[in-house]
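Have a look at the structure below, then the notes.
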Amino acid sequence: MLLWVILLVLAPVSGQFARTHKSIIFLQPPWTTVFQGERVNLICKGFRFYSTQKTKWYYRYRGKEISRETQKNTLEVQESGEYRCQAQDSPLSSPVYLDFSSASLILQAPLSVFEGDSVVLRCRAKAKVTLNTTIYKNDNVLAFLNRRTDFHIPHASLKDNGAYRCTGYKETCCPVSSNTVKIQVQESFTRPVLRVSSFQPISGSPVTLTCETWLSLERSDVPLQFCFFRNDQMLGSGWSLSPKFQITATWSKDSGSYWCKAATMDYSITSNSLRSWIQVQIPASHPVLTLSPEKALNFEGTKVTLHCETQEDSLRTLYRFYHDGVPLRHKSVRCEKGASISFSLTTEHSGNYYCTADNGHGAKPSEAVSLSVTVPVSHPVLTLSSAEDLISEGAKVTLHCEAQRGSLPIVYQFHHEDAALGNRSAHSARGVSISFSLTAEHSGNYYCTANNGFGPQRSEALSLSVTVPVSRPALTLSSAEALTFEGATVTLYCEVQRGSPRILYQFYHEDVPLGSNSTPSVGKVSFSFSLTAGHSGNYYCTADNGFGPQRSEAVSLFVTVPVSRPILTLRVPRAQAVVGDLLELCCEALRGSPPIMYWFYHEDVTLGSSSVPSGGEASFNLSLTAEHSGNYSCEANNGLVAQHSDTISLSVIEHSGIYSCEADNGLEAQRSEMVTLKVAVPVSRPVLTLRAPRAQVAVGDLLELHCEALRGSPLILYRFYHEDVTLGNSSALSGGAFFNLSLTAEHSGNYCCEADNGLGAQRSETVTLYITGLTANRSGPVATGVTGGLLSLAGLATGALLLYCWLSRKAGREPASDLCRSPSDSDSQEPTYHNVPAWEELQPVYSNVNPRGENVVYSEVRIIREKKKHAVASDPRHLRNKVSPIIYSEVKVASTPASRSLFLASSAPHR
């Protein structure tokens with residue numbers, strides 16, 4: 001809605017613009033005063049004059065306001081008061097006051113009067129009033145109507161403004177005056193205004209003229225026409241319905257006074273705008289700059305005049321003078337005279353000069369004029385600048401040389417310690433510069449010279465000290481000893497090849513600072529320390545002289561730690577080592593650099609060796625036999641000091657020795673402590689021996705039963721049996737056990753014994769004892785002869801057997817069935833080496849031997865000595881053939897159990 005309202009305000013209507021956009025009330029009949037009882041139709045016209053949409057009405061009378069809405073834009077009323085309306089899409093209208101009068105004489109006039117309107121004023125009277133009417137304007141008689149009711153104003157104008165009334169006479173008495181009506185003649189359109197696109201157009205540019213006026217909304221349908229004038233001369237073809245006129249190109253002759261005229265189509269109403277001056281502007285031409293005197297000497301102090309002038313005519317022109325683009329001063333003078341400036345030459349006046357002329361349409365420059373003032377150069381000034389905070393190697397440095405006075409061009413020369421670096425020619429007073437990246441060689445004194453043909457001038461010297469960052473240091477290692485072993489003194493050297501002092505060195509071990517040192521010059525510093533095992537690893541050093549530390553390559557150091565004394569550990573599958581068990585010897589040095597070589601020893605006899613490349617323990621496995629009892633040790637060596645373990649003793653019946661281990665890696669070894677191992681040997685089958693004071697036992701004799709297991713670890717428990725009835729028991733560390741029995745008649749029979757050391761009991765062969773005197777004496781010549789014959793045969797068999805055993809041993813082998821061994825040795829799985837005791841006291845011994853359960857039984861009589869304690873370290877091989885001497889034997893075939901009985905010989909035993 002707002003958009004349509006704006007368009008209504010701005011849009012031209014027949015070449016003019018609408019003045020208002022409010023709703024308007026029209027009256028029908030057109031009078032604002034009527035008699036009571038009459039009716040007036042109100043017509044509301046809005047943005048759309050002929051809209052039939054809903055309309056709101058407002059009625060106010062004596063302070064009260066009533067509103068209503070109609071479906072159309074008309075409302076019939078018959079009450080006095082103030083009325084307003086609002087058509088849809090339009091603002092509220094101006095108020096209209098209606099008077100429904102009860103007077104006898106009224107003067108009726110239209111609501112609005114515009115210039116040129118034909119206006120009717122009607123004087124109406126009721127029946128009792130005689131219409132001998134007189135019209136008054138501003139209380140002056142305007143006209144006598146007599147009996148006419150209407151007064152006509154044929155062409156309303158502003159002179160018709162005023163207060164009107166009429167008078168008449170009542171039939172019976174006196175004159176009567178009507179109400180007063182004020183007539184205000186309104187303009188149909190406003191006085192036009194001339195709008196110009198540019199009041200100072202540039203020569204040759206177009207100009208648009210617009211004659212702008214506003215129509216009253218009540219007369220918006222009145223067409224207008226327009227005409228434009230310059231200096232009272234009509235432009236173009238004259239009158240036109242268009243409010244615009246365009247001049248396509250303006251020239252100097254087009255300057256003048258412009259105005260426009262608006263009129264109705266019948267020219268009944270015309271209106272002129274005010275006059276406006278348009279001045280066509282002529283741009284200034286390029287000025288010309290002249291120098292006087294033309295041939296002035298270019299020395300300081302000479303007076304020079306610059307004159308700037310344009311060739312075109314213009315009102316006023318602004319002149320400016322420039323020296324190398326910098327404005328000097330300006331003047332605003334008439335163009336025919338131009339403008340001039342004068343000054344005395346100095347060195348600063350050298351350069352290019354030009355001027356500009358501007359008459360308001362843009363400045364136009366002149367051609368440049370060059371002026372050179374010859375001035376000898378002054379002493380130049382050398383300055384140094386760097387983008388870096390420190391004048392360090394690699395930084396970019398700029399040397400700038402500038403002479404404050406001197407005619408151009410000037411040749412500048414740069415020097416370093418009297419060595420020329422280069423020269424530059426300058427064509428401005430700003431001097432010249434050279435830049436370069438610093439190296440260590442750039443330290444020293446610098447100066448520059450300037451020359452413009454009157455001899456060189458030298459600057460003050462400038463000293464430059466270049467700080468060189470340290471180069472990457474090198475770390476070297478030296479040792480006072482050939483090997484870097486624990487306890488040796490090692491020295492670390494850190495050195496840089498380049499760098500400005502003072503240099504701070506820092507030594508590191510695995511990123512842990514060890515110490516620092518500084519030196520006032522390039523060189524090396526050292527750091528010494530005694531090696532420990534913890535000093536193995538990577539070492540590096542850093543060097544810093546203020547530009548950040550530089551780090552060396554890492555150097556690896558391996559500290560060789562001598563082996564400690566190894567520890568020997570024996571591992572067996574149970575608490576007590578037994579023959580046949582697997583023995584694991586473990587040797588370990590808790591300290592020492594790998595690789596470590598280990599040796600294992602048993603009684604100083606090397607068992608074997610093992611190498612451990614990465615440290616730790618080494619082991620050696622051994623399947624135990626009786627000979628493995630004794631002392632063990634080990635030895636460790638890693639190239640520095642070898643360590644021996646303690647000796648471990650291993651005790652095995654008949655085979656004792658010292659065992660140890662050793663670890664070695666090429667130099668002195670370390671020996672462990674000795675560790676003693678005792679190997680438990682299960683008992684062998686014991687041998688039961690019956691001893692009597694004489695060859696033929698009788699009742700009352702003291703019988704000694706001796707039971708002995710030739711192999712077996714002590715302590716051994718012996719039990720004695722007679723016909724499987726326990727007689728008693730006894731324990732012995734060695735040499736067997738004895739049991740004494742005073743013989744009675746009931747003691748004849750079978751005897752046996754049993755040996756047990758906790759690893760399994762073994763029972764002996766049965767020995768049968770016959771006691772004489774129990775039956776008739778069967779001894780006689782025949783018996784004696786038979787016995788003698790048997791003994792003779794037994795002696796021959798025994799001799800042959802002994803000869804066979806001796807020949808077999810001499811040949812270096814054992815017989816298939818070693819009958820030379822103790823007859824009680826029946827276990828072929830027992831260890832080969834064992835101790836055989838010697839006997840001190842010689843006495844006859846009677847025993848039956850049934851080797852290996854065969855059907856051969858032989859009888860033997862041996863001379864037995866008491867056992868002597870033997871050294872543990874004796875070699876079992878020296879004892880193999882040391883058996884008790886047999887003085888009697890008898891061999892017979894066992895056919896029945898009774899045939900195994902032992903017959904005691906009647907002859908005395910040999911001593």
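Numbers here are sequence positions counted from 1.
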Q | Check: His286 side chain, Ala357 main-chain N or O, donor-acceptor pair, under 3.5 Å | A | no

Q) Is the number of heavy atoms from other residues, nucleotides or ligands under 6.0 Å of Tyr169 OH greater than 12? A) no

Q. Do the side chain of Thr356 and the main chain of Lys364 share a donor and acceptor less than 3.5 angstrom apart?
A. no

Q: List the atom of Ala163, the atom of Thr180, and the distance in Å for their closest heavy-atom pair.
A: CB-CG2, 3.7 Å

Q | Gln225 to Met265 - nearest heavy-atom pair and separation | A | NE2-O, 3.6 Å

Q. Hey, is the main chain of Thr70 close enough, under 3.5 Å, to the side chain of Thr55 for a donor-acceptor pair?
A. no

Q.
Tyr58 vs Cys85, test: side chain to side chain contact (heavy atoms under 4.5 Å, CB included). Steps then yes/no.
A. CA-CA 6 Å; Tyr58 300 91; Cys85 76; over 6 Å; no

Q: Sort out for me which residue in Val304, Leu306, Leu291 forms a side chain to side chain contact (heavy atoms under 4.5 Å, CB included) with Tyr353.
A: Leu306

Q.
Using only atom types and a distance under 3.5 Å, with no angle test, would you say the side chain of Gln108 pairs donor to acceptor with the backbone of Thr33?
A. yes

Q.
For a side chain to side chain contact (heavy atoms under 4.5 Å, CB included) check, start with the C-alpha distance between Phe26 and Lys45, then their side-chain angles and the critical distance, and finish with the verdict.
A. CA-CA 8 Å; Phe26 293 90; Lys45 293 184 179 180; 3.2 Å; yes

Q.
If you apply the rule side chain to side chain contact (heavy atoms under 4.5 Å, CB included), what do you find for Tyr354 with Val369, and how did you get there?
A. CA-CA 6 Å; Tyr354 68 92; Val369 175; over 6 Å; no

Q | Closest contact, heavy atoms only, Asn452 versus Pro409 | A | CB-O, 3.5 Å

Q: Might you work through the side-chain hydrogen bond (donor to acceptor under 3.5 Å, both in side chains) test for Asp99 and Ser101, ending with a clear yes or no?
A: CA-CA 6 Å; Asp99 183 17; Ser101 178; 4.7 Å; no

Q) Is the side chain of Ser197 donor-acceptor paired with the backbone N or O of Thr208 at a distance under 3.5 Å, no angle test? A) yes

Q.
Within the 4.5 Å heavy-atom criterion, are Gln279 and Phe199 side-chain neighbours or not?
A. no

Q. When rounded to the nearest 0.5 angstrom, what is the spacing between OH in Tyr59 and CG in Leu75?
A. 11.5 Å

Q: Quickly, which of Val181, Leu142, Asp139 forms a side chain to side chain contact (heavy atoms under 4.5 Å, CB included) with Arg165? Name it, please.
A: Asp139

Q. How long is the span from the CD atom in Gln86 to the NZ atom in Lys56, to the nearest 0.5 Å?
A. 6.0 Å

Q) NZ of Lys137: more than 12 outside heavy atoms within 6.0 angstrom? A) yes

Q: Determine, stepwise, if the pair Cys211 / Cys260 fulfils disulfide (SG to SG under 2.5 Å).
A: CA-CA 6 Å; Cys211 194; Cys260 69; 2.2 Å; yes

(Q) Contact between Val40 and Phe100 at the side-chain level, heavy atoms closer than 4.5 Å - yes or no? (A) yes

Q. Cation over ring, Lys261 on Phe226, under 6.0 Å and within 45°?
A. no

Q: Report yes if some heavy atom in the side chain of Phe151 is under 4.5 Å from a heavy atom in the side chain of Leu145; otherwise report no.
A: yes

(Q) Are there over 12 heavy-atom neighbours, none belonging to Glu76, within less than 6.0 Å of that residue's CD? (A) yes

**Q.** Distance, nearest 0.5 Å, that separates CZ of Phe245 from OG of Ser237
**A.** 7.5 Å

Q) Which pairs, with at least one residue in residues 111-120 and sequence neighbours excluded, count as a side chain to side chain donor-acceptor pair (under 3.5 Å)? A) Asp117-Arg219

(Q) With a 4.5 Å cut-off on side-chain heavy atoms, are Thr310 and Tyr319 touching? (A) yes

**Q.** Side chain His349, main chain Ser344, donor-acceptor under 3.5 Å
**A.** yes

Q. Does Ser433 offer a backbone N or O that forms a donor-acceptor pair with the side chain of Arg424 under 3.5 Å?
A. yes

Q | Parallel, tilted or perpendicular: ring planes of Trp259 versus Phe229, cut at 30 and 60 degrees | A | parallel

Q: Evaluate ring-ring contact (aromatic ring centres under 6.0 Å, His included) for Trp239 paired with Tyr267, printing each intermediate quantity in order.
A: CA-CA 11 Å; Trp239 292 94; Tyr267 300 104; 5.6 Å; yes

Q: Please step through salt bridge (charged side-chain N to carboxylate O under 4.0 Å, His left out) for the pair Asp150 and Arg124, ending with a clear verdict.
A: CA-CA 9 Å; Asp150 294 341; Arg124 291 180 61 194; over 6 Å; no

Q: Kindly indicate whether the side chain of Asn73, heavy atoms from C-beta on, has any atom under 4.5 Å from the side chain of Ile43.
A: yes

Q | Heavy-atom side-chain contact between Val113 and Ile153 under 4.5 Å | A | no

Q | Side-chain heavy atoms of Leu224 within contact of Leu241, under 4.5 Å | A | no

Q | Main-chain N/O of Asn352 paired to Asp324 side chain as donor or acceptor, under 3.5 Å | A | yes

**Q.** Which atom of Ser93 lies closest to which atom of Arg84, heavy atoms considered
**A.** O-CD, 3.3 Å

Q. About how many Å separate CZ of Arg122 and NE2 of His152, when rounded to the nearest 0.5 Å?
A. 8.0 Å

Q: Quick one: closest heavy-atom pair of Ala426 and Val432, and the distance?
A: CB-CG1, 3.5 Å

Q | Side-chain donor/acceptor of Asn231 to backbone N/O of Ser257, under 3.5 Å | A | yes

Q: Look up atom OG in Ser273 and atom CZ in Arg195, then write down how far apart they are to the nearest 0.5 Å.
A: 10.0 Å

Q) How far apart are the C-alpha atoms of Asp358 and Arg320, what are their side-chain angles, what is the distance that settles it, and do they pass the salt bridge (charged side-chain N to carboxylate O under 4.0 Å, His left out) test? A) CA-CA 9 Å; Asp358 188 1; Arg320 286 189 176 92; 5.1 Å; no

Q: Give a yes or no on this: more than 12 heavy atoms of other residues, nucleotides or ligands lie within 6.0 Å of atom CD of Gln233.
A: no

Q | Side-chain donor or acceptor of Thr250 paired with backbone N/O of Asp254 under 3.5 Å | A | no

Q) Looking just at side-chain N and O atoms, do Ser94 and Lys22 make a donor-acceptor pair shorter than 3.5 Å? A) yes

Q. What heavy-atom pair brings Ser198 and Pro201 nearest, and what distance separates the two atoms?
A. OG-N, 3.3 Å

Q. Side-chain donor-acceptor pair under 3.5 Å between Thr190 and Thr213, yes or no?
A. yes

Q: Show your reasoning for whether side chain to side chain contact (heavy atoms under 4.5 Å, CB included) applies to Leu194 and Leu209.
A: CA-CA 7 Å; Leu194 180 64; Leu209 305 177; 4.1 Å; yes

Q.
Counting C-beta onward and ignoring hydrogens, is there a side-chain heavy-atom pair between Leu111 and Val96 closer than 4.5 Å?
A. yes

Q) Do the charged groups of Lys244 and Glu212 touch, with an N to O distance under 4.0 Å? A) no

Q: Any chance you could measure Phe228, atom CZ, to Ile247, atom CD1, to the nearest 0.5 Å?
A: 10.0 Å

